[in-house]
Amino acid sequence: MNEQDIYNELVKEFNLKSLPDEDREEMLTEIAKTIHKQFLLDVYDTIGEKQFGALQASASMGEEFYKTTIKHIVPDHETIFKNAKEKVVKAFNQA
């Protein structure tokens with residue numbers, strides 16, 4: 001799934017379409033941070049401390065290297081991301 005598709009889904013799932021652009025962007029930034037944190041927690045639970053450390057180290061070597069590393073260490077990273085996003089959306093809708 002590409003970034004634009006994720007953006008559009010989040011706008012819809014969090015009912016942000018009616019917000020002014022600046023407010024919508026601010027909300028989406030906070031939502032993205034929350035999803036990212038949940039994703040990292042879920043990845044950590046999946047691969048463990050040692051491999052997670054290697055993944056984190058790869059982030060400092062550039063985006064392309066990080067993408068390659070995550071595909072290698074966490075082949076199902078897209079599923080983990082989707083599940084992390086669903087957890088955040090579900091928590092928001094229950095609040």
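Between Lys12 and Glu9, no side-chain nitrogen of the basic residue sits less than 4.0 Å from a carboxylate oxygen of the acidic one, so the salt-bridge criterion is not met. Taking 4.0 Å as the cut-off between side-chain N and carboxylate O, Glu78 and Lys82 do not count as a salt-bridged pair.
In this structure, the side chains of Asp42 and Phe81 stay at 4.5 Å or more apart for every pair of heavy atoms.
Rounded to the nearest 0.5 angstrom, Thr69 OG1 and Met61 CE are separated by 7.5 Å. For the atom pair Leu10 CG and Ile35 CD1, the distance stands at 4.5 Å (nearest 0.5 Å). Between the CG atom in Leu40 and the NE2 atom in His36 there is a gap of 4.0 Å [rounded to 0.5 Å]. Here the CG atom belonging to Leu28 is positioned 5.5 Å from the CG atom belonging to Leu16, to the nearest 0.5 angstrom. Going from atom CZ of Phe92 over to atom CG of Asn15 covers 8.0 Å, rounded to the nearest 0.5 Å. A distance of 4.5 Å separates CZ in Phe14 from CD1 in Ile31, rounded to the nearest 0.5 Å.
By the neighbour-count criterion of 12 heavy atoms within 6.0 Å, atom CD of Gln56 is densely surrounded, having more than that number from other residues, nucleotides or ligands.
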- Query: Can Glu86 and Lys90 be said to form a side chain to side chain contact (heavy atoms under 4.5 Å, CB included), step by step?
  - Reply: CA-CA 6 Å; Glu86 288 174 13; Lys90 184 178 178 181; over 6 Å; no

- Give the intermediate values and the outcome of side chain to side chain contact (heavy atoms under 4.5 Å, CB included) for residues Gln38 and Lys85. CA-CA 8 Å; Gln38 183 63 55; Lys85 184 174 84 68; over 6 Å; no

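Both Val88 and Tyr7 belong to a single network of hydrophobic side chains, linked directly or stepwise wherever heavy atoms of I, L, V, M, F, W or Y lie under 4.5 Å apart. Hydrophobic clustering keeps Leu41 apart from Ile80 (ILVMFWY residues linked when any side-chain heavy atoms are closer than 4.5 Å, directly or through intermediates).
Formation of a donor-acceptor pair under 3.5 Å by the Arg24 side chain with backbone atoms of Val11 is not found in this model. Of the possible polar contacts, one joining the Asn8 side chain to the Gln4 backbone as a donor-acceptor pair under 3.5 Å is found.
Counting all heavy atoms, side chain and backbone alike, His77 lies closest to Lys71 at CE1-CG, 3.6 Å.
Side-chain atoms of Tyr44 and Gln51 form no donor-acceptor pair, as typed in the model, at a separation below 3.5 Å.
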